[in-house]
Each structure stands twice: as C-alpha cells, then as structure tokens.
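Order of appearance sets the numbers: ligands from 1, and atoms from 1 within every ligand. Keep in mind it's a predicted model, so treat the numbers as computed, not measured.
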Amino acid sequence: MFTDRTKIYIQSGKGGDGHVSFRRELYVPNGGPDGGNGGKGGDVIFVIDEGLNTLSDFRYNKKYSAENGSEGGKRRSTGKDGKDLILKVPEGTVVYDDETGKLIADMSGDNKGCVILKGGRGGRGNMNFATSVMQAPQYAQPGQEAQKLYIRLELKCIADVGLVGFPNAGKSSFLAACTRARPKIANYPFTTINPNLGVAYPSDGESFVIADIPGLIEGASQGVGLGFDFLRHIERTRVLIHMVDISGIDERDPVESIIQINEELKNYDESLLSRPQVIACNKTDLLPQDERDSCLANITKNFPEYKVFGISAATGEGLVQLIDHIKNELDKLPKGKVTFEPEIDINSLFDKPDEPIFTRQDTKDPHTFYVEGSGVDKMLGYTNLESEKGFLFFQEFMEKNGIIKKLKAMGMTEGDTVKVGEYLDFEYFDGQDELVTEEQIQEDDE
Ligand SMILES: Nc1nc2c(ncn2[C@@H]2O[C@H](COP(=O)(O)OP(=O)(O)OP(=O)(O)O)[C@@H](O)[C@H]2O)c(=O)[nH]1
Ligand SMILES: [Mg+2]
C-alpha cells in the first residue's frame with residue numbers, strides 16, 4: 001500500500017556514564033583514580049534514498065532508537081560510542097514535530113541528509129577529577145540523557161507541474177497520454193487514489209515531472225473526498241494544469257467547476273493560486289466544432305488571467321502545444337525546487353527548564369538526606385568540585401538555594417550524610433555550616 005504520511009517515535013542514544021575506579025598496582029596501596037569517560041550516544045540521522053518513493057517502510061515499525069554509549073571502564077578506558085541510527089526516506093519527505101506541528105526538516109533539494117536527534121555526550125570518568133585537594137574522587141559524571149521525540153513524516157512529491165480538477169476530468173488520461181506513466185483510468189470518480197508521477201518531454205529542452213493527484217471536490221480543502229490528503233503533493237509544483245471536462249457528460253458547468261476548484265486550492269494554501277495556472281479543457285473530441293469553440297471562448301472570457309487550451313487526452317489533440325507551453329512557463333520561473341524552511345530549532349525542544357530543587361530524608365535511615373532535581377545535576381555537570389573555586393561555587397549554590405537551612409529544618413545534625421544528585425556524598429559538619437568531603441576529613445585526621 002502507498003503510505004505518504006505517518007507518525008513515529010525516535011530516540012537518540014544516551015551518553016555512557018563516566019566510570020569510578022582506582023589504579024591497583026603492586027606496592028601502590030592507594031592508586032589514583034582511573035575511571036574512563038563514557039562513550040557518546042548514537043544520533044538519529046535522516047537520509048534521502050533515491051530508490052524510495054513512499055513512506056511504507058514506516059508503516060509497521062513505529063519506534064526507532066539509536067544505540068546508547070557504553071560506560072567508561074577501568075584503566076582510563078573510554079566507553080564505546082553508540083551506533084548512529086540511519087533512517088532512509090524518499091526525497092520530498094517533510095519532518096514535523098508532532099506536538100507543535102512545526103516543521104523540523106525538509107528532506108529535499110540540497111538537504112540529502114541531516115541529524116534530527118543528537119546522541120548524549122559521554123560522562124567524564126573520575127580520572128578527570130583528581131586534584132591535589134581530592135585524591136580519590138568517588139564519583140563520575142553521568143552520561144547525557146537521550147533525546148526523545150514523536151515526529152510526523154509527510155511525503156510531498158517532487159514534481160514541476162501539478163494536475164488538479166474534479167474527478168473524471170481526465171487527469172490520469174492526460175498523464176498517460178503525455179508521459180510513460182500508466183495510471184489507472186476509469187469512468188468513475190476517484191479512480192486515482194494515490195498520486196502518480198510522469199516525465200513529460202517537450203519538443204525542445206529538458207523534460208519535467210507532472211504529478212497527477214485524485215480528483216478534488218467541493219470541501220476538499222476541509223477534508224471531503226480524498227483530495228485534502230493529496231493536495232500536499234502539489235505544494236512543491238511550480239505550475240498547475242487545471243483540467244476541466246467540457247463535454248458536458250458530467251453535467252457540471254465548466255466555468256463553475258473552475259471557480260470551485262480554485263476556491264478549494266485557495267482554502268488549502270493561498271499561495272497555490274498565485275502559481276502560474278493553465279486551463280486544459282479536455283474531451284474536445286466529444287463536442288461538435290461550433291460548441292467546442294463557443295465553450296472555449298466563454299472560459300477564456302471568464303478567466304482572462306489564465307491561458308486556455310482545448311485538448312483531448314483520447315485523441316491527442318492539443319497535447320503537444322500544451323506541453324510546450326508549460327515548458328515555456330517553467331523556463332520563465334527561477335530554477336530550483338520548491339523546498340520548505342524549518343519552523344523550529346530542534347534543539348530548543350530539549351532545553352527543558354530545571355526542575356525545582358528537592359530535599360528529602362531517607363525513609364529508613366534518619367541520618368541520610370538527599371538533594372535532587374535536574375538543576376542540581378546540571379550544576380554538578382559543569383562544576384569541578386576538586387578545584388578550590390569549584391568547591392566554593394558548590395557551597396554557594398547550596399547556601400543560595402537555602403538547602404542547608406531546609407535540611408537542618410528536617411533534622412540534619414552533625415555527621416549526617418548528604419547525597420547530592422546521583423553521585424556525590426558529603427558529611428555534614430555543624431557549627432561551620434558547611435559541607436566537607438570525605439577526603440578532606442581524612443586529610444584533617446592525618
Ligand atoms: N472521450 C474522451 N474521454 C476521455 C478523455 N479523457 C478522459 N476520458 C475518459 O474520462 C474518464 C475519466 O478519466 P480519468 O483519466 O480516469 O479521469 P481523472 O480525472 O483521472 O479521474 P479521477 O482519478 O477519478 O480524479 C475515463 O473513462 C476516460 O476514458 C477524452 O479526452 N475524451
Ligand atoms: Mg485519475
């Protein structure tokens with residue numbers, strides 16, 4: 001089945017955690033810290049695959065994750081980087097953030113591939129944290145979190161020319177007559193249920209691509225019929241061929257039809273109406289010469305802004321002239337494909353505000369307290385506690401946020417353990433109102 005729209009979940013790899021370990025050597029009782037850094041998490045990358053023309057590959061599998069980075073190891077060994085996840089899509093695929101509906105990336109034109117989600121960076125192992133102040137750091141930095149996102153993929157065909165009109169107007173017949181495409185053709189509305197592409201060769205110059213979409217009906221822009229879902233396939237086209245049946249067999253007034261279809265185009269996307277449009281009055285073979293002439297004259301009078309052609313997809317009448325005219329119109333326009341600009345910086349989606357700082361007492365051990373929240377983790381991430389400056393900064397942070405006060409109010413007394421974030425343990429000393437690391441206690445004892 002043809003799929004041109006789907007929602008999937010993607011996730012980059014988490015960064016590997018930094019490692020905590022100490023050198024063990026014969027005759028060296030207290031080796032220095034040698035825990036290595038974690039590996040980087042894998043990215044989620046989209047690339048264009050020229051061989052694809054639908055999003056059917058995404059129909060069944062809805063979840064995609066890149067590999068996590070591995071944890072750092074002993075003896076300063078760095079964890080392995082997680083493998084990137086490469087997702088292949090057809091050219092013309094547009095990636096949207098599902099929640100906001102904003103455009104993240106248009107996989108077309110010069111954009112042959114791009115990173116949509118970045119893997120987390122690896123955490124630093126404790127080998128980075130040894131200083132003269134602290135010889136045996138007991139913690140390492142955690143790896144950065146993975147990025148997670150629900151996205152919507154939409155294929156918007158890459159074509160130079162779009163065919164629009166009511167069902168049964170003869171759009172597919174026209175495509176079949178002018179190109180080597182073989183779409184289904186039949187005398188009932190909505191014969192076409194997927195867009196068809198065909199390459200047309202004008203008498204002179206380069207070929208161009210025509211997109212045939214299902215017939216539009218009144219209300220198409222609001223989702224009536226099949227039209228709405230497929231109007232996106234003409235968004236990238238630069239010239240429109242408006243196909244209208246003038247034989248009278250569908251009992252629609254041609255002038256009324258043209259107005260109605262243009263109304264639907266305008267409701268869907270106003271810019272569609274400002275594109276060069278050519279009216280192709282089809283099925284001339286079914287009308288006597290005089291009727292056909294008066295009909296064409298009437299349409300020309302009503303739509304002076306458009307060029308009007310009488311054609312027959314059945315006999316081939318007027319097709320060469322129409323194709324050559326379209327080629328001329330295309331040549332007048334600036335070269336290049338219609339592409340869409342991102343409406344959102346993907347990274348801004350992951351800049352979450354810090355959680356409030358949260359303090360609590362251990363439920364079983366009244367002498368252990370916790371200080372938690374992403375704000376704390378972030379602070380620890382950029383603070384080197386082993387440097388004097390870093391340690392001072394940390395103390396100020398605890399002070400400024402009223403954390404010591406809160407802990408004391410909860411019953412913290414001298415000698416109690418305070419666990420900050422995921423990795424840091426301190427012992428509280430009353431009187432000085434400050435925290436001292438275990439190593440400093442040891443040093444003081446000596
Ligand atoms: N006599 C005659 N019949 C035509 C001509 N063009 C198309 N038809 C017939 O009109 C009917 C509809 O043609 P299609 O090409 O399927 O029309 P369509 O616009 O693609 O219709 P949908 O896909 O339903 O939107 C078919 O029975 C065709 O054989 C023409 O120039 N002359
Ligand atoms: Mg058709």
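With sequence neighbours left out, Ile185 forms a side chain to side chain contact (heavy atoms under 4.5 Å, CB included) with Ser172, Ser173, Ala176. Qualifying ring-ring contact (aromatic ring centres under 6.0 Å, His included) partners for Tyr370, counting only residues two or more places apart in sequence or in other chains: none.
Few gaps surround NZ on Lys112; more than 12 heavy atoms of other groups in view lie less than 6.0 Å from it.
Ring centroids of Tyr64 and Phe58 are separated by less than 6.0 Å, placing the two rings close together.
To the nearest 0.5 angstrom, Leu117 atom CG is 11.5 Å from Asp84 atom CG.
Residue-ligand proximity: Phe174 is placed with every non-hydrogen atom at 4.0 Å or more from ligand 1. Not a single heavy atom of Gly165 sits less than 4.0 Å from an atom of ligand 1.
Ligand 1 places these atoms under 4.0 Å from at least one heavy atom of Gly215: 25 (O). Ligand 1 places these atoms under 4.0 Å from at least one heavy atom of Thr192: 20 (O), 23 (O). Here is the list of ligand 1 atoms found below 4.0 Å of a heavy atom in Tyr188: 24 (O). For ligand 1, the atoms closer than 4.0 angstrom to any heavy atom of Pro189 are 24 (O). Listed by number with element, the atoms of ligand 1 under 4.0 angstrom from any heavy atom of Ala314 are 2 (C), 30 (C), 31 (O), 32 (N). The distance from ligand 1 to the heavy atoms of Leu286 drops below 4.0 Å at these ligand atoms: 1 (N).
Residue pairs meeting the side chain to side chain donor-acceptor pair (under 3.5 Å) criterion with at least one member in residues 65-78, sequence neighbours excluded, are His19-Glu71.
Ring planes of Phe309 and His325: tilted class, angle from 30 to 60°.
Within the sub-2.8 Å shell of the Mg ion (ligand 2), the protein contributes these N/O/S atoms: Ser172 OG, Thr192 OG1.
Because its NZ or CZ atom is not both nearer than 6.0 Å to the ring centre of Phe369 and within 45° of the ring axis, Lys419 does not count as a cation-pi partner of that residue.
A salt bridge links Arg232 with Asp4; the closest basic N to acidic carboxylate O contact falls under 4.0 Å.
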